[in-house]
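Inspection log for the structure reproduced underneath, given as C-alpha cells.
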Amino acid sequence: MFPVETRELTKRYGQLVAVDRVSLTVRPGEVYGFLGPNGAGKTTTLRMLLGLVRPSSGTVRLFGEDVGQSLGDVGALIEGPAFYPYLSGRDNLRVLARYAGCPAGRVGVVLDLVDLTDRAGDRYGTYSLGMKQRLGVAAALLKDPKLLILDEPTNGLDPAGMADMRRLIRRLGAAGKTVLLSSHMLGEVQQICDRVGVVSGGRLIAESTVAELRGGARLRVVADPIQDAAARVRALVGQDRVRVEDGALELDIEAGKAAWINAELVGAGIDVSELGVRERELEDVFLELTHVG
Amino acid sequence: MLGSTRAEITKLVRRPASWLLLAVAVVLSLTFTYLVPYAGANGAADGAPNATRGVAETLPEHLVGNSIGGLPVFAGAILLILGVLAVGGEYGWGTWKTLLAQGPSRLTVYGAKIAAVALASLAVVLALFATGAVTSAAIAAAEGAPADWPSFVDLAAGIGAGWLMAAMWAGLGVVLAVALRGVALPIGLGLVWLMAVQNLLSAIAAPLLDWVAKLQEWLPGPNAGSLAASLGTSPDTPGVATLVGDGHAVAVLAGYLILFVGVGGLLLRRRDIL
Ligand SMILES: Nc1ncnc2c1ncn2[C@@H]1O[C@H](COP(=O)(O)OP(=O)(O)O)[C@@H](O)[C@H]1O
Ligand SMILES: [Mg+2]
C-alpha cells in the first residue's frame with residue numbers, strides 16, 4: 001500500500017491542461033522529489049492529492065484510500081505558508097491543532113523541531129519569510145503524519161535558510177517519514193531525495209532514482225593542447241561522446257572514469273590543468289527527457 | 001466539530017476587527033437611539049435625525065424596540081461585515097488550504113464557522129440590549145422618570161428576533177464571501193444593497209411600481225423592518241415600517257438565513273480551493 005498513488009491524474013482549466021495523465025507512486029519511507037519548472041503542474045497535482053482541487057479525471061489514493069478519508073496520516077505545506085497574521089505563531093498552531101484533533105502538547109514539540117520556539121509568541125504578521133516557511137512545516141508536522149507533502153518549501157529563502165530547511169527535511173526522512181517534496185531545483189532534489197518524478201507541461205516525463213537521473217553528468221577537462229587531447233579521448237571513449245566547448249572537453253561519460261582519463265592524457269604528454277564533474281543543468285535534463293519521452 | 005467550533009471562536013475573538021465592529025455597532029446604536037433624542041429633547045441638537053423624539057422614547061420601557069431598531073439597516077450592515085470577515089478572511093489570507101490540510105472536511109470547517117458567527121451575532125445583539133439597558137436606566141434616573149422594564153417574555157422575544165435578523169445579515173455576508181472568494185467585493189456589494197438599493201426600492205420604486213411594492217414583502221430588509229416595528233421600534237427609524245405581519249417576517253427571515261447558509265455550504269463544497 002503506497003503512501004501516494006495516482007492514476008492518470010488530470011486537471012484541465014478550460015483549454016489548459018495543467019496536469020496531464022500523471023501516474024506517480026511514492027513508496028513508504030522514501031523522500032520523493034517532484035521536480036519541474038515553474039508552471040509544470042506540481043502545485044496543482046499536490047492540491048489534488050489533498051482534495052483541495054478536484055481532478056478532471058483520474059484517481060488519487062493515499063495509503064490505499066480515496067482522498068478525503070485519509071488525511072489523518074498526511075501533513076502538508078502547499079504553495080507557501082498561509083496563517084492568520086493577527087495571531088502569534090504558537091496561537092496559529094493551537095488553532096490548527098484543534099482542527100487536527102491533536103493534543104495541544106504537539107504545538108511545543110513542532111515549534112522546537114523547526115527551531116521557532118524563541119519567536120513563537122510574536123505575531124505571524126511580523127515574521128520573516130524563512131520563519132513563515134518554518135511555521136508552515138511545523139503545521140504540517142502537527143499530526144506527526146506518516147506522509148509529509150512539502151511544496152517548494154525553500155522558495156524565497158536565503159542560502160542559509162535553504163540549507164536549514166534541507167537539513168530538516170533530511171532529518172525527517174531519516175526519522176522514517178515518507179516525504180513528497182516538490183522543487184524546481186535539480187540540485188536541491190539531488191541533495192535530499194531518493195527518487196524523483198520529473199514533470200513538464202503537466203506530464204510526468206520520468207520517474208527514477210536520483211542516481212539514474214544524474215547518470216548523464218559530464219566530465220569537463222581543460223587540457224593543452226586541446227585538439228590533441230580531444231583526439232586522444234575520442235580514441236578512448238568514442239567519437240560522439242566528446243565535444244569541445246569553450247576551450248574545454250565535455251565528456252559524456254561516468255564521473256568515476258575521471259582518474260583514468262587523466263592518467264591517459266598525462267601519459268600522452270598532454271597537460272591537464274582542470275578536471276571536474278559538471279552536473280547537467282535542469283534544463284538539459286528536461287530537454288533530453290522530453291526528447292526521449 | 002466541537003474542537004473546530006472552538007478554533008473558529010478563538011479566531012473571531014482574537015481578531016481586532018471583530019471588536020471594532022462590536023464597538024461601532026454599540027456606539028452608533030447608543031448615539032442614534034438614546035443620545036441624539038435625549039440631547040434633542042434638551043434643545044442641544046435641533047435638526048439632528050431623531051432629535052424630535054421625546055425623552056419618553058428612550059426610557060427602559062422601550063428597551064426592546066430601541067435595541068433591535070438598528071438591525072434592519074446599519075447594525076445589519078455591521079453583521080454583514082462580520083459574516084464576510086469570518087469566511088472571506090480565509091480566502092484573503094489563503095488559509096483555507098492550511099486549515100483543510102489538517103484533515104477536517106470542508107463542511108466541518110463551514111459548520112464551525114456558522115456556529116461561531118451565530119454566537120457572535122447573539123453577542124452583538126446582547127451587547128446592544130445590555131448597553132441600551134444601562135443607558136436608558138441612566139436617562140430614567142437623570143429625568144426622575146419611572147424605570148418600567150419590559151417583561152421577561154418581551155425581552156426574550158426581542159432578543160430572539162434581534163438574533164434572527166443579525167444572523168440573517170451575517171449569513172448574507174457568509175454567502176457573498178464564499179461566492180466571491182474574498183473580503184473587499186462582498187463587503188462592498190453587501191453594503192450597496194443594504195444602504196442604497198434597499199432605500200431606493202422602498203422610497204422610490206415601491207410607491208411607483210406595484211410589483212416592487214409586492215416584492216418588498218419578500219425581501220430581507222423590509223421583513224426585518226416589519227419585525228422590528230412589531231416589537232416596538234419607532235417607525236421613524238430608517239428601514240423600519242410595518243409591511244407584513246410578524247409571523248410572515250419571521251418565516252421570511254428564517255428562510256433567507258437557511259438559504260444563505262445552505263448556498264454558501266454548497267458552493268464551498270463544490271468548488272476548488274485555490
Ligand atoms: N486556478 C487556475 N486556473 C487556471 N490555470 C491555473 C490555475 N491553477 C494553475 N493554473 C495553471 O496550471 C499550470 C500549472 O500550475 P502549477 O500547478 O501552479 O505549477 P507549478 O506548481 O509546477 O509551478 C500553470 O500554467 C498555471 O498557470
Ligand atoms: Mg507551485
Side-chain angles (χ1 to χ4, degrees), chain A residues 11 13 18 43-44 46-56 62 67-88 91-104 106 123-125 132 135-136 139-143 145 148-151, chain B residues 1-22 82 85-116 119 177-178 181-183 266-274:
Chain A
K11 181 68 184 183
Y13 289 113
T43 300
T44 305
L46 300 183
R47 282 182 193 277
M48 287 194 279
L49 296 187
L50 293 177
L52 297 172
V53 162
R54 278 200 182 67
S56 304
L62 302 180
V67 194
Q69 294 167 16
S70 50
L71 283 189
D73 289 327
V74 185
L77 167 60
I78 301 291
E79 194 157 64
F83 292 92
Y84 306 103
Y86 59 91
L87 293 178
S88 69
D91 287 338
N92 265 293
L93 294 184
R94 282 188 181 140
V95 164
L96 294 176
R98 289 239 166 90
Y99 271 112
C102 64
R106 284 292 300 165
R123 276 174 3 113
Y124 174 75
K132 289 177 176 173
L135 189 66
L141 289 168
L142 263 181
K143 285 181 292 183
L148 196 59
I149 296 176
L150 300 175
D151 187 16
Chain B
M1 184 74 202
L2 198 66
S4 308
T5 305
R6 285 181 62 190
E8 286 302 324
I9 291 171
T10 306
K11 275 152 56 177
L12 266 185
V13 168
R14 298 284 302 279
R15 192 168 176 179
S18 308
W19 295 99
L20 180 65
L21 288 176
L22 179 66
L82 185 80
L85 289 185
V87 173
E90 309 285 354
Y91 294 98
W93 294 315
T95 39
W96 274 120
K97 62 182 185 195
T98 310
L99 280 184
L100 295 174
Q102 294 299 332
S105 75
R106 294 185 192 188
L107 288 188
T108 300
V109 180
Y110 187 68
K113 280 190 180 298
I114 297 301
L119 288 176
V178 174
R181 296 192 251 219
V183 173
L266 282 179
L267 281 178
L268 180 65
R269 210 172 89 109
R270 253 199 35 211
R271 295 201 292 191
D272 287 347
I273 303 261
L274 302 172

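Each chain gets a letter, A, B and so on, in the order the sequences are listed, and its residues count up from 1.
B:Lys97 places no side-chain N or O within donor-acceptor distance of the main-chain N or O of A:Leu52, the cut-off being under 3.5 Å. When atom types are taken as modelled, the side chain of B:Gln102 and the backbone of A:Lys143 share no donor-acceptor pair closer than 3.5 angstrom.
Under the ring pair (Phe, Tyr, Trp, His ring centres under 6.0 Å) rule, B:Trp93 has a single partner from A:Tyr124, A:Phe83, A:Tyr84, which is A:Tyr84.
Contacts between residues 266-274 of chain B and chain A, counted as heavy-atom pairs separated by less than 4.5 Å, involve B:Arg269, B:Arg270, B:Arg271, B:Asp272, B:Ile273, B:Leu274. Of all residues spanning residues 104-111 of chain B, those with a heavy atom less than 4.5 Å away from chain A's heavy atoms are B:Pro104, B:Arg106, B:Val109, arranged by number.
For chain A, the option among B:Gly89, B:Ser4, B:Ala17 with the highest count of heavy-atom pairs below 4.5 Å is B:Ser4.
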May I have the list of side-chain donor-acceptor pairs in residues 93-101 of chain A shorter than 3.5 Å, sequence neighbours left out?
{"residue": "A:Arg94", "atom": "NH1", "partner": "A:Asp91", "partner atom": "OD1", "Å": "2.9"}
{"residue": "A:Arg98", "atom": "NH1", "partner": "B:Thr10", "partner atom": "OG1", "Å": "3.4"}
{"residue": "A:Tyr99", "atom": "OH", "partner": "B:Glu8", "partner atom": "OE2", "Å": "2.3"}

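B:Ala112 touches chain A through its side chain: at least one heavy atom from C-beta onward sits under 4.5 Å away, while N, CA, C and O do not. Residue A:Arg47 touches chain B through its side chain alone, counting heavy-atom pairs closer than 4.5 Å.
The environment of CZ in B:Arg6 is sparse: at most 12 heavy-atom neighbours from other residues, nucleotides or ligands sit within 6.0 Å.
Under the salt bridge (Lys or Arg N to Asp or Glu O under 4.0 Å) criterion, the residue pairs touching residues 86-96 of chain B are B:Lys11-B:Glu90, B:Glu90-B:Lys113, with sequence neighbours excluded.
B:Gly94 and A:Ala82 make their closest contact through O-CB, 3.1 Å (heavy atoms, listed as atom of the first residue, atom of the second, distance).
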